[in-house]
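Everything on this sheet refers to the single structure shown next.
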Amino acid sequence: MAKTRMVTQFGMGTSIRSRNYTAAAARAIRDALWHNSLNVAEAFGFPKQAMLIDVEVGVQHPDAVDIAALLDIFPYGQPSITLVKGGLDVTKPDGSGLTVIANAAVVVSFDLERQHA
């Protein structure tokens with residue numbers, strides 16, 4: 001498959017009190033997606049379902065993230081999520097817990113060969 005990258009978006013999300021890595025990751029993805037209103041599919045004459053959406057999320061504990069919950073964020077397209085060690089766990093000043101910070105990169109592509117075949 002010859003993917004043609006159209007858009008790269010970045011976002012950050014946090015879980016301030018609950019140490020919820022999935023919630024922080026979901027907020028990072030939404031931050032990347034909802035700060036942009038791009039009509040890439042329509043601009044190039046593709047159906048929205050043809051969008052290939054590659055997501056990379058960095059958190060300190062990737063194994064604590066529920067990928068299925070993240071996939072539910074996408075209303076269309078073909079999302080694929082990769083979790084990596086990244087982001088930050090920041091100790092609260094009083095030592096009472098952690099704030100979890102997640103970073104996300106969302107890349108939207110299309111398979112131009114398949115679309116124009």
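Contact detail for P79 and F74: the closest heavy-atom pair is CB-CD1, 3.7 Å. L33 and V106 get closest at one heavy-atom pair: CD2-CG1, 3.9 Å. Nearest approach of A24 to S15, heavy atoms of both residues: CB-N, 3.8 Å. Taking each heavy atom of K48 and E42 in turn, the nearest pair found is CE-OE2, 2.7 Å. Scanning both residues, M12 and D31, for their nearest heavy atoms gives N-OD2, 2.9 Å.
The line from CD1 of I29 to CD1 of I53 is 10.0 Å long, rounded to the nearest 0.5 Å. A distance of 13.0 Å separates NE2 in H61 from OG1 in T22, rounded to the nearest 0.5 Å. In this structure, CD1 on I73 lies 10.5 Å from CZ on R27, to the nearest 0.5 angstrom. Separating the CG atom in L98 from the OG1 atom in T14 is a distance of 13.0 Å, to the nearest 0.5 Å. The CD atom of Q78 sits 10.0 Å away from atom CE of M51, with the distance rounded to the nearest 0.5 Å. In this structure, the separation between CG on D54 and OG1 on T82 is 7.0 Å, given to the nearest 0.5 Å.
Among the candidates N20, L70, I81, the single residue satisfying the side chain to side chain contact (heavy atoms under 4.5 Å, CB included) test with V65 is L70.
Residue L88 is not grouped with residue V84 when hydrophobic side chains (ILVMFWY) are merged at heavy-atom distances under 4.5 angstrom, including chains of intermediate members. Hydrophobic clustering of Ile, Leu, Val, Met, Phe, Trp and Tyr side chains at less than 4.5 Å, counting indirect connections, keeps I16 apart from I101. W34 is connected to M6 through a chain of hydrophobic side-chain contacts under 4.5 Å among Ile, Leu, Val, Met, Phe, Trp and Tyr, so both are in one cluster.
Side chains of V100 and Q60 form no contact here, defined as non-hydrogen atoms less than 4.5 Å apart. You'll find the side chain of V59 stays beyond 4.5 Å of the side chain of L83, heavy atoms only. Contact check for D89 versus Y21: side-chain heavy atoms found under the 4.5 Å cut-off.
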